[in-house]
Protein chains: 2
Amino acid sequence: MTEQKIPKATAKRLPIYYRYLNILKDADKTRVSSTELSDAVKVDSATIRRDFSYFGALGKRGYGYDVESLLKFFKKILNQDKLTNAALIGVGNLGNALLNFNFHQNSNVRISAAFDVRPDLANTVQSGVPIYPMAELRKQLEDQQIKIVILTVPSSVAQDVTDEAIAGGVRGILNFTSLRLSVPKDVRVQNVDLTNELQTLIYFLDHYNDED
Amino acid sequence: MTEQKIPKATAKRLPIYYRYLNILKDADKTRVSSTELSDAVKVDSATIRRDFSYFGALGKRGYGYDVESLLKFFKKILNQDKLTNAALIGVGNLGNALLNFNFHQNSNVRISAAFDVRPDLANTVQSGVPIYPMAELRKQLEDQQIKIVILTVPSSVAQDVTDEAIAGGVRGILNFTSLRLSVPKDVRVQNVDLTNELQTLIYFLDHYNDED
DNA sequence: TTTTTATTGAAAATTATTTCACAAAATAGC
DNA sequence: GCTATTTTGTGAAATAATTTTCAATAAAAA
Ligand SMILES: NC(=O)c1ccc[n+]([C@@H]2O[C@H](COP(=O)([O-])OP(=O)(O)OC[C@H]3O[C@@H](n4cnc5c(N)ncnc54)[C@H](O)[C@@H]3O)[C@@H](O)[C@H]2O)c1
Ligand SMILES: NC(=O)c1ccc[n+]([C@@H]2O[C@H](COP(=O)([O-])OP(=O)(O)OC[C@H]3O[C@@H](n4cnc5c(N)ncnc54)[C@H](O)[C@@H]3O)[C@@H](O)[C@H]2O)c1
């Protein structure tokens, strides 16, 4: 499955490139240079060239990169040529905002099922997504072959819910809770910790004056 | 302002440590070892010790770290001993979820003002936070001395809104839009790009089987 | 056609971060 | 008080990521 492993730092930048290439395509641009890309995505141009070079020689010297073919390449690499279904667990404040958001607009991901303990939410539909009771979590994940979960439950129940989701076959978790989840090593957790982000921002403001 | 610069990677972990120390304190634990912390926050214990050591010798050999004094230390470092006001711009889907969320519960940050173009939102109060029309952005930021902005407007207007906020004295931006903002070098942007996070998660699942 | 200019790709150098491994110090048990 | 045990703090090594540099090549201009 793994061709040749690219650096994690590079992998995290791929979606950024991908998005900007889509914008270029929509604007009918046919070519782009690493410097131009650099301006738009705020990544050093040498880093961009280095990133791209892990996948082979994608550009042409003296010319730059062809938008169309680069886009096609990244679409495949990022699995954006097929639809990925995800489940959302915890239809509260944040969960609702995510349900309403159309991820499918600029990525080939959609939330195809949601879950919550609240009895009044069970078996309703929010923004076109059916909400199931927690009792059905495992079954639905299995039936729908869902491998990715967005976790927006209270931190206090996050580990339990996670264990259940993994039992249902989940392989990746986008974790919005403040808990650092314990998972088997073949399950990947991506933490999005908004309180942390704010605190980090404050720390940087106080301790790193301008430079970087 | 900058004592001695600690690695950025370390800085990003400080809020994680801080949160867990609060949990320990609430549970009346008086001591903690780097291994125990490691289990909870999923950071290698050697990394934790190294991180702490940038601030001097905070622990005691054969004993570990004193929860209370470590907590007090990090509270100061992270500026959590004083209240930080932030503004939120764009009271839509996501903006509303953030407004409702009580950041103040586990961090000394609160959203003290919100802004939106929608005339029906102007001069109302949501979750205790006054919403102002955009025309007042600059004045309110200046009057309230707000240095931090949470940006949840559509990407298409993100740069314009940013420019205006910076003119109002803002120094840090938590950017939820998909646009990579252009800012003067003394302004810091922390990007939270949820579509990216999902795509990165998918990439890792497809290309990095278990290991790391 | 020749020259100039633009731009990549890759090697090398640099910088940043993590991990190993262990002496030093403190505690805990007896 | 002595010994075994625990656990820190940190040099040194390993690993990861970024940046510099420049030869090679393509395109554009002369
Ligand atoms: N809202 C924010 O802006 C924000 C910001 C930072 C962090 N977070 C984190 O995101 C998570 C969700 O936040 P929120 O504000 O949406 O909270 P919320 O309380 O509004 O929503 C949580 C939802 O989870 C459901 N739930 C509770 N227990 C459950 C269970 N066992 N199984 C399934 N569903 C269950 C609740 O019924 C509720 O609908 C929390 O962990 C919070 O710390 C939220
Ligand atoms: N909602 C999500 O889950 C989600 C997920 C990923 C990214 N995002 C990003 O977050 C941002 C907000 O998303 P959303 O779903 O809340 O959108 P939204 O459309 O629900 O909210 C945007 C708000 O901004 C206001 N607005 C528009 N122009 C403005 C201006 N010039 N000045 C001030 N306010 C203005 C609108 O009135 C609206 O209330 C977008 O950039 C979106 O791409 C959202």
Side-chain angles (χ1 to χ4, degrees), chain A residues 2 4-17 21 24 29-71 73-74 180 185 200 203-204 207-208 211-212, chain B residues 2 4-14 16-17 21 24 29-70 73-74 180 185 200 203-204 207-208 211-212:
Chain A
T2 312
Q4 75 286 16
K5 203 91 78 358
I6 63 165
K8 276 192 287 174
T10 295
K12 289 189 191 156
R13 284 187 292 263
L14 299 182
I16 308 178
Y17 302 143
L21 287 170
L24 287 175
K29 292 262 192 151
T30 57
R31 58 184 276 195
V32 66
S33 70
S34 58
T35 354
E36 194 187 338
L37 259 174
S38 173
D39 276 353
V41 302
K42 319 291 179 206
V43 172
D44 186 86
S45 69
T47 302
I48 292 178
R49 292 200 299 280
R50 163 63 107 205
D51 283 349
F52 287 5
S53 77
Y54 289 113
F55 301 102
L58 303 177
K60 264 203 274 212
R61 294 170 189 224
Y63 176 87
Y65 301 88
D66 177 69
V67 171
E68 181 104 25
S69 59
L70 202 54
L71 188 59
F73 185 81
F74 279 124
R180 297 297 156 135
K185 75 178 186 336
T200 302
Y203 183 87
F204 278 125
H207 297 267
Y208 292 64
E211 16 68 49
D212 190 313
Chain B
T2 313
Q4 76 285 15
K5 205 90 79 359
I6 62 164
K8 277 193 287 174
T10 296
K12 289 187 191 157
R13 285 188 291 264
L14 299 181
I16 309 176
Y17 302 143
L21 287 170
L24 288 175
K29 291 262 192 149
T30 57
R31 58 184 277 193
V32 66
S33 70
S34 59
T35 354
E36 193 187 338
L37 259 174
S38 174
D39 277 351
V41 301
K42 320 289 180 208
V43 172
D44 185 86
S45 69
T47 302
I48 293 178
R49 292 199 299 279
R50 170 75 73 200
D51 283 348
F52 288 4
S53 78
Y54 290 113
F55 301 102
L58 303 177
K60 265 203 272 210
R61 292 166 191 226
Y63 176 88
Y65 300 88
D66 178 69
V67 172
E68 181 104 24
S69 58
L70 201 55
F73 185 81
F74 280 123
R180 296 297 156 136
K185 73 178 189 334
T200 302
Y203 183 86
F204 277 125
H207 298 266
Y208 293 64
E211 17 68 49
D212 191 319

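Keep in mind that what you see is a predicted model, and the values were worked out from it rather than measured. A note on names: the letters A, B, ... follow the listed sequences, proteins ahead of strands, and every chain is numbered from 1.
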message: Nearest to the A:Y54 side chain among C:dA10, D:dT18, D:dG9, which nucleotide is it?
response: D:dT18
All side-chain hydrogen bond (donor to acceptor under 3.5 Å, both in side chains) counterparts of A:K42, not counting sequence neighbours: B:S182
- prompt: Among all residues two or more places apart in sequence or in another chain, which pass the salt bridge (Lys or Arg N to Asp or Glu O under 4.0 Å) test with B:K29?
  reply: B:E36
- prompt: Would you call the rings of B:F204 and B:Y208 parallel, tilted or perpendicular, where under 30° means parallel and over 60° means perpendicular?
  reply: perpendicular
task: Whole angstrom is fine here: how far is it from CZ in B:F52 over to C1' in D:dT7?
output: 14 Å
task: Measure the spacing between CZ of A:R49 and OG of A:S38 and express it to the nearest 0.5 Å.
output: 9.5 Å
query: For B:L58 and D:dT7, what is the distance between atoms CG and P respectively, to the nearest whole Å?
result: 17 Å
- request: Measure the distance from NZ on A:K60 to P on D:dA28 and round it to the nearest whole Å.
  value: 10 Å
message: What's the closest nucleotide to the side chain of B:R61 if the choices are D:dT7, C:dA21, C:dT8?
response: D:dT7
- request: Within residues 33-46 of chain A, find the residues that approach DNA chain D with a heavy atom at under 4.0 Å, and present them sorted by residue number.
  value: A:D44, A:A46
query: Which is true for A:Y65 with a 4.0 Å heavy-atom rule: it touches a base, it touches only sugar-phosphate, or it touches nothing?
result: sugar-phosphate
Contact list (N/O, under 3.5 angstrom) for nucleotides 28-30 of chain C vs protein:
from: C:dA28; atom 1: OP1; to: B:R31; atom 2: NH1; distance (Å): 3.2

- request: Report yes if at least one side-chain N or O of A:T47 is closer than 4.0 Å to OP1 or OP2 of D:dT19; otherwise report no.
  value: yes
field: Partner set under salt bridge (Lys or Arg N to Asp or Glu O under 4.0 Å) for A:R50, not counting sequence neighbours
entry: none
message: Going by the rule side-chain contact (heavy atoms from CB on, under 4.5 Å), which residues pair with B:D44 if we only count those two or more places apart in sequence or in a different chain?
response: B:A46, B:T47
field: Gap between atoms CZ and P, on A:R49 and C:dA12 respectively (whole Å)
entry: 17 Å
message: Can you list everything that forms a side-chain contact (heavy atoms from CB on, under 4.5 Å) with A:A40? Sequence neighbours excluded, please.
response: A:Y20
statement: Residues passing the ring pair (Phe, Tyr, Trp, His ring centres under 6.0 Å) test with B:F52, sequence neighbours excluded, are B:Y17, B:Y65, B:F74
- request: Under the salt bridge (Lys or Arg N to Asp or Glu O under 4.0 Å) rule, collect the residues that match up with B:R13, sequence neighbours excluded.
  value: B:D51
query: Atom CG of A:L70 to atom P of C:dT8: distance rounded to whole Å?
result: 11 Å
Would you tabulate the nitrogen or oxygen pairs shorter than 3.5 Å linking the protein to nucleotides 12-17 of chain D?
from: D:dA12; atom 1: N6; to: B:R50; atom 2: NH2; distance (Å): 2.9

statement: Rounded to the nearest 0.5 Å, the CZ atom of A:F55 sits from the OG1 atom of A:T10 at a distance of 7.5 Å
- request: Determine which pairs satisfy salt bridge (charged side-chain N to carboxylate O under 4.0 Å, His left out) with at least one residue from residues 56-69 of chain A, sequence neighbours left out, and list them in order.
  value: none
